[in-house]
Amino acid sequence: MEKSGKYITGVYPGTFDPITKGHLHIIQRASKLVDRLIVGVAPNTRKGPLFSQEERVKLVSEDIANMHAKHCEIEVEAFDELLIHYVQRKKAQCIFRGLRATSDFEYEFQMTGMNAQMEPDIETVFLMASDKYQFVSSSFIKEIHALDGDISKFVTPAVLSALEQKKNQRKS
Ligand code: COA
């Protein structure tokens, strides 16, 4: 069933290293706005990810499979090209990004500007992170967990267990 008379596809890109409840909340809300949502998992070697791209795709897929209240078809896949080329190849009309504090703004502003210069017909839609997840970040989650802090409020049990496994592998 189309939501607007026109079939709309959106892409939600990210590194998802690992996926957090903040990301899941954005996915759920974005799924209300489009007919098909593609969650694109980027390699992002610049960020030195803890999980391989394949592991991240698996965790994102598991979390979405267990998510209640999906409002559209949601697909998860890895991508390894310029985001705007990926969005064009998928015939999507918009990109979703979550915005937390003002500190996200400058980076997102620049990225949106560059993408708009390359492809003005693709819109970037920003969804404000809810107050519960304003301060959640994948980097802090990894740091807190490595130092034995409790992160169970911010990630699903599947992600928590994947982080435990990584920690044990590193110790052995
Ligand atoms: N709630 C809580 N936290 C959130 C959140 C939300 N709703 N949304 C994002 N975050 C956090 C993440 O946990 C992450 O934290 P971290 O910085 O501590 O890791 C941070 O915000 C952003 O991560 P993420 O959402 O995974 O995205 P990203 O910024 O790593 O993704 C790409 C960047 C993939 C979109 C970008 O690198 C890209 O487009 N790459 C393709 C190459 C390209 O086209 N480059 C040119 C771009 S102009």
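Whatever order the structure lists ligands and atoms in, that order sets their numbers, starting from 1. Atoms considered below: every heavy atom in the structure, side chains included; atoms not considered: hydrogens, waters and symmetry mates. One-based numbering along the sequence shown.
Looking from atom 20 (C) of ligand 1 to the surrounding protein, the closest heavy atom is Arg100 NH2, 3.6 Å. Counting only heavy atoms of the protein, atom 44 (O) of ligand 1 lies nearest to Leu83 N, 2.7 Å. The nearest protein atom to atom 27 (O) of ligand 1, hydrogens excluded, is given as Arg97 NH1, 3.3 Å; this is a heavy-atom distance. Among protein heavy atoms, atom 45 (N) of ligand 1 sits closest to Leu82 CD1, 4.1 Å. Given atom 16 (P) of ligand 1, the protein heavy atom at minimum distance is Ser139 OG, 3.2 Å. Considering only non-hydrogen protein atoms, atom 17 (O) of ligand 1 sits nearest to Lys47 NZ, 3.3 Å. The protein atom (non-hydrogen) at minimum distance from atom 30 (O) of ligand 1 is Thr15 OG1, 2.5 Å. The single protein non-hydrogen atom nearest to atom 33 (C) of ligand 1 is Tyr107 OH, 3.7 Å, given as residue, atom name and distance.
Salt-bridge formation is not detected for the pair Glu75/Lys90: no Lys NZ or Arg NE/NH1/NH2 atom is positioned less than 4.0 Å from an Asp or Glu carboxylate oxygen. The pair Lys58-Glu54 does not count as a salt bridge, with every side-chain nitrogen at least 4.0 angstrom from each carboxylate oxygen.
With ligand atoms numbered from 1 in the order given, ligand 1 contributes 8 (N), 9 (C), 10 (N), 12 (C), 13 (O), 24 (P), 25 (O), 26 (O) to contacts under 4.0 Å with heavy atoms of His23. Contact atoms of ligand 1 toward Ser137: 13 (O), 15 (O), 18 (O) (distance under 4.0 Å to a heavy atom of the residue). Proximity to Tyr133 (heavy-atom distance under 4.0 Å) selects the following atoms of ligand 1: 1 (N), 2 (C). Close approach of ligand 1 to Phe16 (heavy-atom distance below 4.0 Å) involves ligand atoms 26 (O).
Other residues, nucleotides and ligands contribute only 12 or fewer heavy atoms inside 6.0 Å of the NZ atom of Lys132. Other residues, nucleotides and ligands contribute more than 12 heavy atoms inside 6.0 Å of the CE atom of Met118. No more than 12 heavy atoms of other residues, nucleotides or ligands lie within 6.0 Å of CD in Glu143, so this atom counts as exposed by the packing criterion. More than 12 heavy-atom neighbours from other residues, nucleotides or ligands sit within 6.0 angstrom of CZ on Arg89.
Within a 4.0 Å radius of atom 48 (S) of ligand 1, the protein contributes at least one heavy atom.
Looking at Asn44 against ligand 1, only its side chain comes within 4.0 Å, counting heavy atoms. Under 4.0 Å from ligand 1, not a single heavy atom of Gln134 appears. Of all the heavy atoms of Ala42, the ones lying under 4.0 Å from any atom of ligand 1 belong exclusively to the side chain. Heavy atoms of His25 found under 4.0 angstrom from ligand 1: none, in either backbone or side chain. Of the heavy atoms in Ile26, only side-chain atoms (C-beta onward) come closer than 4.0 Å to ligand 1. Counting heavy atoms closer than 4.0 Å to ligand 1, residue Asn115 contributes side-chain atoms (C-beta onward) but none from N, CA, C or O.
Considering backbone and side-chain atoms alike, Gly22 places an N or O below 3.5 Å from some N or O of ligand 1. Looking at ligand 1, you won't find any N or O of Phe79 less than 3.5 Å from one of its N or O atoms. Residue contacts with ligand 1: Pro13 is placed with no nitrogen or oxygen under 3.5 Å of a nitrogen or oxygen of the ligand (distance criterion only).
Partner of Val11 under the side chain to side chain contact (heavy atoms under 4.5 Å, CB included) criterion, chosen from Val39, Ile84, Ile38: Ile38.
Note: Phe109 and Phe105 have parallel aromatic rings, judged against thresholds of 30 and 60 degrees for the angle between ring planes. The aromatic rings of His23 and Phe16 stand perpendicular to each other, their planes meeting at an angle above 60°, with 30° marking the opposite boundary.
Assignment of Phe135 to the shell around ligand 1 is not supported, since no heavy atom sits closer than 4.0 Å.
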Return a table of donor-acceptor pairs under 3.5 angstrom between the side chains of residues 119-127 and protein atoms on other chains or two or more places apart.
unit_1, atom_1, unit_2, atom_2, d
Glu119, OE1, Asp121, N, 3.0
Glu119, OE2, Gln88, NE2, 2.9

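Looking at Tyr107 and Arg97, their side chains come closer than 4.5 Å, going by heavy atoms from C-beta outward. The closest side-chain heavy-atom distance from Ile141 to Val159 is not below 4.5 Å.
Across Leu37 and Ile27, no two heavy atoms sit closer than the pair CD2-O, 3.7 Å.
The closest heavy-atom contact to atom 2 (C) of ligand 1, among the options Asp104, Val136, Ile141, Asp17, comes from Val136.
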Inset, instruction - Tell me, with the steps shown, if Leu160 and His145 meet side chain to side chain contact (heavy atoms under 4.5 Å, CB included). - result: CA-CA 9 Å; Leu160 185 58; His145 183 260; 4.1 Å; yes
